[in-house]
Amino acid sequence: MDLEIFSPLEQINLPLFTAHGVQVYIKRDDLIHPLISGNKWRKLKYLLKKAEAEGKRHLVTFGGAYSNHLLATAAAAAKFGLKATGFVRGEEVQNNTLFLCRLHGMQLIFTNRESYRDKATLFDLHFAEDSDAFFIDEGGASPEAALGCTELVDELPFAFDHIFCACGTGTTAAGIINGLHKNQLNTEFHAIPALKNGAFLRDEIDQYLVQPHPYQLHTQYHFGGYAKTTPELIDFIKMFTASTGVLIEPVYTGKMLYALFDMIKRGEFATGSRILVVHTGGIMGLFGMADKF
Ligand SMILES: *Cc1c(COP(=O)(O)O)cnc(C)c1O
């Protein structure tokens, strides 16, 4: 299994950044693969290695009907010649994400919200007899996934003063924070939850930290909650994409970049600060949201 990646680092030049004397760079994890997008490749890397080491050739995982993780798992399974099953939360529906999952050969099992809650039981119920089946939690959340994300920090050519990253489960954030610790960097890390009431993420992130490490959790940029948008967020995304050529989406990266712009405008960064934003991908989700724009 060749799991090597290439994720370019680009500088973004905008008048706002010049006016505030900050340099902003973007880690283009979205360019790693069109469907195994961004952090999802990093998160799957050590899970795939573990499955391979255990001789398991059937990936079984979980997600909502718009889950970037489900699609990433389907695409990765196809690429590496593995079988894949996805438990999808809720009633049977059809959308672009699930269409692409199926196209890559993933078997989909729609599961009512009640049984979906107990993933271990679902797995046992369907796959107790399948010695090939390999359990991957929703969103890939696991120590292996965090480990894969630490490698992002190893790829950076110089030290940044700040790093911004969007959070769902917080696994990616934890991995990057571990990378900062490992490389003895005192970069300030900013986690931006995509969900409402994101304060719980501190526990989620902390459980994956190899060593306690300070970081900032900005819980006020959720725009109404997971997958919710406002006209302000949509306008921001249009402005950002049109002025940089970098496509972002409203669920994760749009909120994270909005937070960055807001904090720059508030003058929260010293002149000369070098700031990195992580493009965690997820662009496929945009195509179901055209009506919002
Ligand atoms: C899955 C995803 C995230 C969240 O990653 P976590 O490790 O669950 O915090 C962020 N951005 C995008 C685009 C994603 O698809």
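Both counts, for ligands and for their atoms, begin at 1 and track the order of listing.
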Look only at interatomic distance and state if Tyr252 has a nitrogen or oxygen under 3.5 Å from any nitrogen or oxygen of ligand 1.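 N/O-N/O distance under 3.5 Å: no.
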With a cutoff of 4.0 Å, is [X] in contact with ligand 1, counting heavy atoms of the residue only?
X      : answer
Gly281 : yes
Gly170 : yes
Lys43  : yes
Cys167 : yes

Could you identify the single nearest non-hydrogen protein atom to [atom] and state the distance to 0.1 Å?
atom                    : result
atom 7 (O) of ligand 1  : Thr172 OG1, 2.6 Å
atom 8 (O) of ligand 1  : Thr169 OG1, 2.6 Å
atom 11 (N) of ligand 1 : Thr280 OG1, 2.7 Å
atom 1 (C) of ligand 1  : Lys40 NZ, 1.6 Å

Taking 4.0 angstrom as the limit and counting only heavy atoms of [X], give me the atoms of ligand 1 inside it, by number and element.
X      : value
Asn39  : 1 (C), 2 (C), 3 (C), 4 (C), 5 (O), 7 (O), 10 (C), 14 (C)
Thr171 : 7 (O), 9 (O)
Gly282 : 13 (C)

Residue portion contacting ligand 1 (non-hydrogen atoms closer than 4.0 Å) for Asn68: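 Just the side chain.
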Would you kindly say whether Asn183 and Asp154 are connected by a side-chain donor-acceptor distance under 3.5 Å?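 Checked: Asn183/Asp154 side chains pair up, N/O donor to acceptor below 3.5 Å.
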For [X] and [Y], I'd like to know if the aromatic rings sit close, meaning centre-to-centre distance below 6.0 Å.
X      : Y      : answer
Phe17  : Phe261 : yes
Phe158 : Tyr25  : yes
Phe134 : Phe123 : no

Determine which pairs satisfy salt bridge (charged side-chain N to carboxylate O under 4.0 Å, His left out) with at least one residue from residues 75-91, sequence neighbours left out, and list them in order. Arg89-Glu138
Hey, looking at atom 4 (C) of ligand 1, which of Gly175, Gly168, Gly285, Ala174 has the closest heavy atom?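 Minimum heavy-atom distance to atom 4 (C) of ligand 1 goes to Gly168.
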Verify the neighbour count for atom CD of Gln94: are there more than 12 heavy atoms of other residues, nucleotides or ligands below 6.0 Å?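 Correct, the count exceeds 12.
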Counting heavy atoms not belonging to Gln11, are there more than 12 under 6.0 Å from its CD? yes
So side-chain hydrogen bond (donor to acceptor under 3.5 Å, both in side chains) across residues 235-248, not counting sequence neighbours, yields none
So that I can tick it off, tell me whether Arg42 and Glu151 are bridged by a salt bridge, with the cut-off set at under 4.0 angstrom between side-chain N and carboxylate O. no
